[in-house]
Amino acid sequence: MKTRLIGLGLLALAFLMSGLTRQGEVLSAEFSARTAPVLGIPYRLGQNLHQALSDLARRNRLEEEVRNLQQEIERLRQENLNLSLQVQELSAVTKIQAAAPVGVETVAPVIEQNLTGLDRTLILGKGYTSGLQVGMPVAAPAGLVGVITAVTAHQAVVRTLLDPNSVIGVRLADGPGLGIARGDPPDALEAEFPPEVSLHLGEPVVSWALRGLFPNGILVGTIAKIPPLPPGGLTQTVILKPAVQFSLLQAVVVLRPL
């Protein structure tokens, strides 16, 4: 009897322990389910931070590549501009040399203009360090510009054909007839020809080597006006429209002196 009671007690204790174990498992599962989202926050934060840092590094690389591309584009643009200027300079030299067999010293930029008042001058951005000298003729693809009258180390003054102190020998491009032209400000030249020379409106007039200043055969301008010849006049005077638009000059070709 005593032995049976002990057995029943042990059996009851076994059932009790089994229930407590199952309840502990249920509570543990429920606790894990409730705490899992909280415990997952650091992991998600770490993942998001890693992704953000990766995106930032990628964006920095892209920005660096964009900057490099922009610098390369600017370099190529400047290189293209320099090549374009060289082509323009070569074209100007070729055109001038085709008009007259003259030696070219250099191509010089026009950095300043004085085209008001009586003086009609240009300032070039090159001087005697580039070989420029007083007395060198200056031209542009359109025609003759003038002559250098003063030189410093890095600049030169050009007296243009429009200057009232400018005197140049001229001749008709398509026929016989020699004359002399002077600057007639603000935007013309006044030329004198012998009375027997046949002159026509729009006729081109070119240079000839008067006093050894200017080469022969470079376009000076066209006849824009022919006033009536006065009775007994020894010369006939015409107004020339210059071939060069002086206010638009950006560069000129400096020729070797005759």
Side-chain angles (χ1 to χ4, degrees), residues 92 95-102 110 113-124 134-150 156-249 252-258:
K95 188 171 183 179
I96 292 170
Q97 288 182 324
V102 293
V110 176
Q113 299 180 348
N114 182 12
L115 301 176
T116 60
L118 290 180
D119 291 336
R120 292 292 188 272
T121 58
L122 305 175
I123 307 298
L124 306 184
V134 172
M136 283 183 164
V138 177
L144 197 60
V145 173
V147 63
I148 293 178
T149 57
V157 179
V158 176
R159 184 175 63 211
T160 71
L161 301 183
L162 299 180
D163 193 283
N165 294 315
S166 174
V167 180
I168 175 175
V170 293
R171 64 178 176 84
L172 300 181
D174 302 324
L178 300 178
I180 296 176
R182 294 178 176 84
D184 185 21
D187 56 2
L189 289 87
E190 186 179 84
E192 295 179 348
F193 290 91
E196 63 273 11
V197 175
S198 178
L199 303 172
H200 305 281
L201 290 175
E203 190 169 7
V205 174
V206 299
S207 62
W208 70 280
L210 176 68
R211 301 177 186 173
L213 286 179
F214 297 99
N216 185 40
I218 299 180
L219 185 62
V220 172
T222 55
I223 298 176
K225 185 178 181 181
I226 306 176
L229 180 65
L234 299 179
T235 60
Q236 55 179 330
T237 301
V238 297
I239 303 301
L240 302 181
K241 177 184 178 182
V244 174
Q245 289 185 278
F246 294 91
S247 61
L248 301 181
L249 286 175
V252 294
V253 178
V254 179
L255 309 177
R256 297 190 181 98
L258 299 181

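The analysis underlying the following values was restricted to heavy atoms, covering all of them including side chains, and did not include hydrogens, waters or symmetry mates.
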How close do L219 and A142 get, heavy atom to heavy atom, and via which atoms?
CD2-O, 3.7 Å
Could you measure the distance from the CG atom of N216 to the CZ atom of R171? Nearest 0.5 Å is fine.
4.5 Å
Search all heavy atoms of V197 against all heavy atoms of Q236 and return the closest pair with its distance.
O-NE2, 2.6 Å
W208 side chain vs L172 backbone, donor-acceptor pair below 3.5 Å:
no
Check each of V138, N114, V158 against L122 using the side chain to side chain contact (heavy atoms under 4.5 Å, CB included) test, and report the only one that passes.
V158
Starting at CG of L201, measure out to CD1 of I239 and round the result to the nearest 0.5 Å.
11.5 Å
To the nearest 0.5 Å, tell me how far L162 CG sits from L240 CG.
11.0 Å
So does R120 get a backbone contact from the side chain of T160, meaning a donor-acceptor N/O pair under 3.5 Å?
yes
For the student: nearest non-hydrogen atoms of R256 and P137, plus distance
O-CD, 3.9 Å
To the nearest 0.5 Å, atom CD1 of I148 lies from atom CG of L124 at 6.0 Å
Please round to the nearest 0.5 Å and tell me the distance separating atom CD1 of I180 and atom OG1 of T237.
11.5 Å
Do other residues, nucleotides or ligands put more than 12 heavy atoms under 6.0 Å from the CG atom of L234?
no
d(D187 CG, Q245 CD) to nearest 0.5 Å is 10.5 Å
Compare all side-chain heavy atoms of L161 with those of P242 and state whether any distance is below 4.5 angstrom.
no
Taking all non-hydrogen atoms of both residues into account, name the closest pair between L144 and I218 and its distance.
N-CG2, 3.5 Å
Short question: side chain of E203, backbone of D174 - any donor-acceptor pair under 3.5 Å?
no
Might you point out which heavy atoms bring V206 and G217 nearest each other, and give the distance in Å?
CB-C, 3.9 Å
Side chains of F193 and V170, heavy atoms from C-beta outward: is any pair under 4.5 Å?
yes
Work out which heavy atom in N165 is nearest to a heavy atom in D163; give both atom names and the distance.
N-OD1, 2.8 Å
Are side-chain heavy atoms of L189 and V220 found at a separation under 4.5 Å?
yes
